[in-house]
Every structure is written in C-alpha cells, then in structure tokens.
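I have placed the structure first, in the form of structure tokens, so that the comments after it can refer back to it.
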Amino acid sequence: MSSENSVGVVAPQRVGFDQPLWLKSGARLHGFELVFETYGTLNAERSNAVLVCHALSGSHHVAGRHADDPESVGWWDNLVGPGKPLDTRKFFVVGVNNLGGCYGSTGPLSINPETGKRYGADFPMVTVEDWVAAQARLADHLGVSTWAAVIGGSLGGMQALAWSIQYPERIRHAMVIASAPKLSAQNIAFNEVARQAIISDPDFHGGHYAEHGVVPTRGLRLARMVGHITYLSDSQMGEKFGRQLRHGEHKFSYDVDFEIESYLRHQGNKFASFFDANTYLMMTKALDYFDPAYEYEGNLAAALVRAKASFFVASFSTDWRFAPARSREIVFALLHNRLHVAYAEIECDAGHDSFLLDDPHYHALLRAYLENIAV
Amino acid sequence: MTEHERRAKAEQRERFDFAVIASWIPPGERVLDLGCGDGRLLRYLNETRDVAGYGVEIDKESVLGCIRNGVDVLQMDIECGLSGFEDNSFDHVVISQALQTMHTTERILGEMLRVAVEAVVSFPNFAYRTNRLAIAEGRMPVSEDLPYDWFDTPNVRFFTIADFEDLCARLGIEIRERLAFDDAGREVSDDPNLNGSLAFYRLGRKN
C-alpha cells in the first residue's frame, strides 16, 4: 500500500457519554463509549467536518495506519488523505466505530455494568437510527454542530440518509453510495442465512459464548462466505477465479477443488478470527430493520420531507446486492422533495464492493462533488 | 477558421441558443433538461432566471462535468423513459439539440409532456437550404448545426421542421410557439423549412 498522500500514523480516541441513550427498540443504554479517529483539522468556523460511516464490517479506522502495525491501513485510505478526493487539507474527517461494534465502542464484547460480565447476547439491539443518535453525541463532543458532509457506502450510506432525516439541520451534504432505502426480501434472506449459520453453531451458546470460553467460528465463517458472495459480481468472480482448480485436477472430494472455494474459505477464516459474532448478528438486523419509509406507509418521499441536505448518490452497474435501481428510489424521493441531488451510475466490474475501490471515474466524481462543498 | 475562432463562434452560438430557450422560461421555474451535457444550459438558466433545474445525462464525462459545474444531474438513459419522474413535476422540460440523437422519439415526446406542463425542443432542420444542396450534390450535409461527418455523428434521427410538425399533430401535441434561425443566427419567417437551420419549439398538450 502506497504511503503517498497518506494521513500517516493515526491513533484512535475514546469518548464516554454518561447520559442514557433510548434505543429505537425501546431499550435503554446507560451511557456508552465510542472509539473514533480524526484526520485533518477542524477549522475556526467548525464548518469543515465530514463524518465517514462504516458498513457491516468496517470500523473507526478509515485512513492512515496505526503506529504498532504498519499493515493496518484504514479501510477507506484510498479516499481520505491530503490531496485525495476527501482531502484532509480541506476537511476535518471523522471515523467512528458504531455502537454495538467490536472495535472498541460499547458493544456485546463490553462489560455490562449491571452484571459485571460481558453483554454478549444481552446487548440491546441497535439500529441505524441509534447509530446516528450516538454519532450526534460524538459531533457534540467534537464541537461540530453541522457536518459539511456525512458519507458512507452500503450500510454507511444508510446512515448518511438517516442523518438527513433525523438531524436535517446538522448535515449539509449526504453522500449515499452503493446503498438502498431499505433491504429487499432477497437481501434479508441472505442476512438470515448468515444469522442462522452463526446461531446454529454449537459454540454459539445463545450468544453467551464468551462465558464458555469459545467463539462460534464455524458459523461466523459461513456467514462471511455467504455475505462475500453478495459483495462480488458474477462477472468479476468469473474473471478472477473462473473454474480454476487448486490442484490442477478434480480431486473428487469435499476439500478445496476450485479456487473460488479456497478464496471463500480464506475470507471466512480471516473474518472469523477477529469479528464478533453478536456484533455481526446485530449489524445484519440493523440492515434488515432500516426502512425510513416504514412509518410513512412505505412512502420514502414522505419520510424525507424534513430533509434539507444536498445529496450525492452513486451506484455501481454490477452491484446486485444494492443495484442501481435501489439508488434511483432514493433519487426520485429526493426529487419529489425538490432537494439538490447529483446521481451517478458508475460502470464498474467489482459488484457491491466497488465503493471501496479507487476506480478513477468514481474517485473523480467524489473529488468533484467534495471540491464544491463550501467550508 | 482558426480553432480559436471556431470555439468563439461555437460559444457565441451556444449563448444564442440559451437565450432563445431562456426567453420561454419564466424566472423561478422548475426545469428538467434532457441530455443536459455538462450542465451549461441549466447553469445559465439558474444564473439568469433563478431556475431550479435538474439535468438528465447518460454520458459519464458529461455527468462529471455537471458535478464540477455544481449542477444537479441524474445519470440515466432517457431512451428507457422517464418512469421515475412524477406527472407535471416540472414547469418546463427542455431537450436542446438532443432529440435527434435518440431512437425513441415518440415515447420521449410523450413522456416530456407527462412530466412537465410545457416542453421546449430545439433541433437542427435537415431540410435547411444548404443541407438540401449537399444532398443534391450527392453528399451528406455537414453544416453549422449538423457539424458531424456521417460516420461519426451522434445523430440517429434525421428530420425536418415539416416532419416534426406532422409528428406533433399525430401525437396530439400543441405547438404553442416556433422560432427558426438560419446559420448566421437570423430569425427566419419565410418558409422556415427551407430557410431555417435550427428550430425551437414551445410545446404543450392539446386539451
């Protein structure tokens, strides 16, 4: 990974909030902590702050690297840095690990103050709206009354959309990339397969696996494998792996024959070695529940009535998880409300994961839009 | 003509086109510009008429241009229809010298007058005098308003003022105003199908 235009060595910060947070589910969280990173400098007018929201498996570590691990490059490092499209010479960029995450923010791995044990499955279900409410507390803490922009891909894009609805006065630009206004039945179906893989793992123990000193690795591995298939496009998978054989011949066994099997197993193993199963379950549920139009009889335009932000919406041609048509639903709801919107449908072979890549045209669009944001 | 002169002339002509279109757009309107290129017309309408506009464009470099120009643009294929756009959601819909580049002419005209109260259409008149001369000499015309060689033209529909007005009649489209200009930018009133190089229409639905 090139260190050119990198924000360099970064260190996570931690902030605690004592005030309880009422969650959408009706549950209450007595205070919580968020882990976050910042890049660039907040200007005197406090008008240049940009919040980067992560997707299912992302974290607060958006850009740069940690001093103790040169390999630990941030997940959107190609976007954020001096001279990069989200230019840290202009913007003060904030990455945060969402509530319920497993990278240090309060979540299932945290100690429940009421029991003195890890929350595990007792951690209350959090939603996209809850994340946004928690992020608003972080904004208060940072002295940011209004974000210049909130940006995210996939589940991160849903947070940007939710910001525009929940805090219309606190967001000037919402950048919603490879996202959707709600999951389709097929999306939910894939999530349910992933959840069942985890829940049916004998090591899951109803979510209290930590107390048994085990981790439902097999379930988590399967969940990631299923998820990973939906992140890639058929054409890209075909191009990258095709029917290539691992051992050059058919083995007539259930070991790895085809390269794609090896790849999925590798992805599954890698993920299962560090990601928390309860967090994964909750993230998929947050995705399933997200539907701002739900309280408006399915009318997304009605849900966006209070929104004031200008929007950048982008989709990718080969993304079948959140296909371009899903982004167009958002665009037309914005149009109904006469909001500013730029919508780009980007030709890219990499499926849903395209939003993480540095496709030159995609980055040119982001750069152009971000350059026009006044600070 | 030097490149510089050519560009200056093109810009002058573009400003002229924009001025004609703007003269039909009352200030403060909501405008949809189909095939909006890099958003120049919308920017002009915004600056001169305080128009709130959206552009629709399929070409990716043009979409990027729009975003650079700070113009609200939707990257979509007009040939697939305007199904996501609500009825009468715009005051005017504009298609400026782009109708001849699209296949689904009838559908687009119908959709335009569904989503907007009025449509403004401009196109090069294939029956303009010099074009007729070129054809008479056995050559496809290349002119001020049809500036492409036959082998690299974006145009796919070649039609005349007379043809267009026939189609409007057939589709129940009311021609509320028409302006035609020769290749020097002079307005023509005598036999526009022969003397007009570029035609502008203000269209509405017949009651």
Side-chain angles (χ1 to χ4, degrees), chain A residues 85 149 151 172-178 181 299-302 304 308-317 319 323-348 354 359-374, chain B residues 28-43 45-47 50-94 111-112 114-117:
Chain A
I151 180 172
R172 290 195 285 128
H173 294 268
M175 301 180 70
V176 181
I177 302 163
N299 184 344
L300 183 62
L304 279 158
K308 289 185 169 161
S310 297
F311 281 74
F312 172 89
V313 180
S315 65
F316 296 92
S317 55
D319 183 353
R326 312 305 316 281
S327 284
R328 286 197 290 264
E329 291 173 37
I330 299 172
V331 168
F332 285 118
L334 298 172
L335 220 57
H336 178 90
N337 287 296
R338 308 187 170 197
L339 291 164
H340 287 291
V341 53
Y343 170 60
E345 214 167 284
I346 301 155
E347 288 289 330
C348 188
S354 299
D359 173 80
H361 182 66
Y362 166 46
H363 269 204
L365 291 165
L366 289 171
R367 183 184 291 278
Y369 190 84
L370 286 159
E371 274 178 0
N372 278 340
I373 294 180
Chain B
E29 277 203 350
R30 268 169 67 77
V31 172
L32 182 66
D33 183 7
L34 302 180
C36 66
D38 66 3
R40 260 183 252 193
L41 171 62
L42 282 168
R43 196 169 175 157
L45 290 174
N46 179 261
E47 283 165 3
D50 190 29
V51 151
Y54 295 90
V56 179
E57 179 56 63
I58 185 76
D59 176 64
K60 68 176 195 173
E61 292 306 325
S62 298
V63 170
L64 177 57
C66 282
I67 292 176
R68 287 200 177 118
N69 279 327
V71 166
D72 288 337
V73 63
L74 315 178
Q75 187 171 3
M76 289 173 191
D77 186 358
I78 301 159
E79 301 260 26
C80 298
L82 302 173
S83 57
F85 293 88
E86 295 167 2
D87 293 359
N88 291 316
S89 51
F90 291 90
D91 300 304
H92 273 100
V93 55
V94 178
E111 281 283 84
M112 286 173 75
R114 177 182 67 77
V115 303
V117 181

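Note that the structure is a prediction, hence the values are computed from the model and not measured. A, B, ... follow the sequence lines: proteins, then strands. Residue 1 opens every chain.
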For this session: May I have all residue pairs that pass ring-ring contact (aromatic ring centres under 6.0 Å, His included) and include part of residues 59-88 of chain B, sequence neighbours excluded?
Result: A:F332-B:F85

For this session: Scan for side chain to side chain donor-acceptor pair (under 3.5 Å) pairs involving residues 359-374 of chain A, sequence neighbours excluded, and state none if there are none.
Result: A:H173-A:Y369

Which portion of [X] sits near chain B, non-hydrogen atoms under 4.5 angstrom:
X      : value
A:V331 : side chain
A:L339 : backbone
A:F311 : neither

Exercise. Salt bridge or not for B:R30 and B:D91, using N-O below 4.0 Å?
Worked result: no

Seminar exercise, completed: Against chain A, residues from residues 54-64 of chain B with at least one heavy atom under 4.5 Å, in numeric order, are B:Y54, B:K60, B:E61, B:V63, B:L64

For this session: Heavy-atom pairs under 4.5 Å with chain B are the metric here; pick the option from A:E347, A:H336, A:R338, A:E329 that has the most.
Result: A:R338

Problem set entry | Shortest non-hydrogen separation from B:C36 to B:V73 and the atoms involved | SG-CG2, 4.0 Å

Exercise. Residues two or more places apart in sequence or in another chain: which of them pass salt bridge (charged side-chain N to carboxylate O under 4.0 Å, His left out) with A:R172?
Worked result: none

For this session: Determine, step by step, whether B:E86 and B:V115 satisfy the side chain to side chain contact (heavy atoms under 4.5 Å, CB included) criterion, reporting the C-alpha distance in whole Å, the side-chain angles of both residues, the deciding distance to 0.1 Å, and the verdict.
Result: CA-CA 6 Å; B:E86 295 167 2; B:V115 303; over 6 Å; no

Exercise. Less than 4.5 Å apart, any side-chain heavy atom of A:S327 and any of A:F316?
Worked result: no

Seminar exercise, completed: One should read off an interatomic distance between A:L304 CG and A:L335 CG, to the nearest 0.5 angstrom, of 11.5 Å

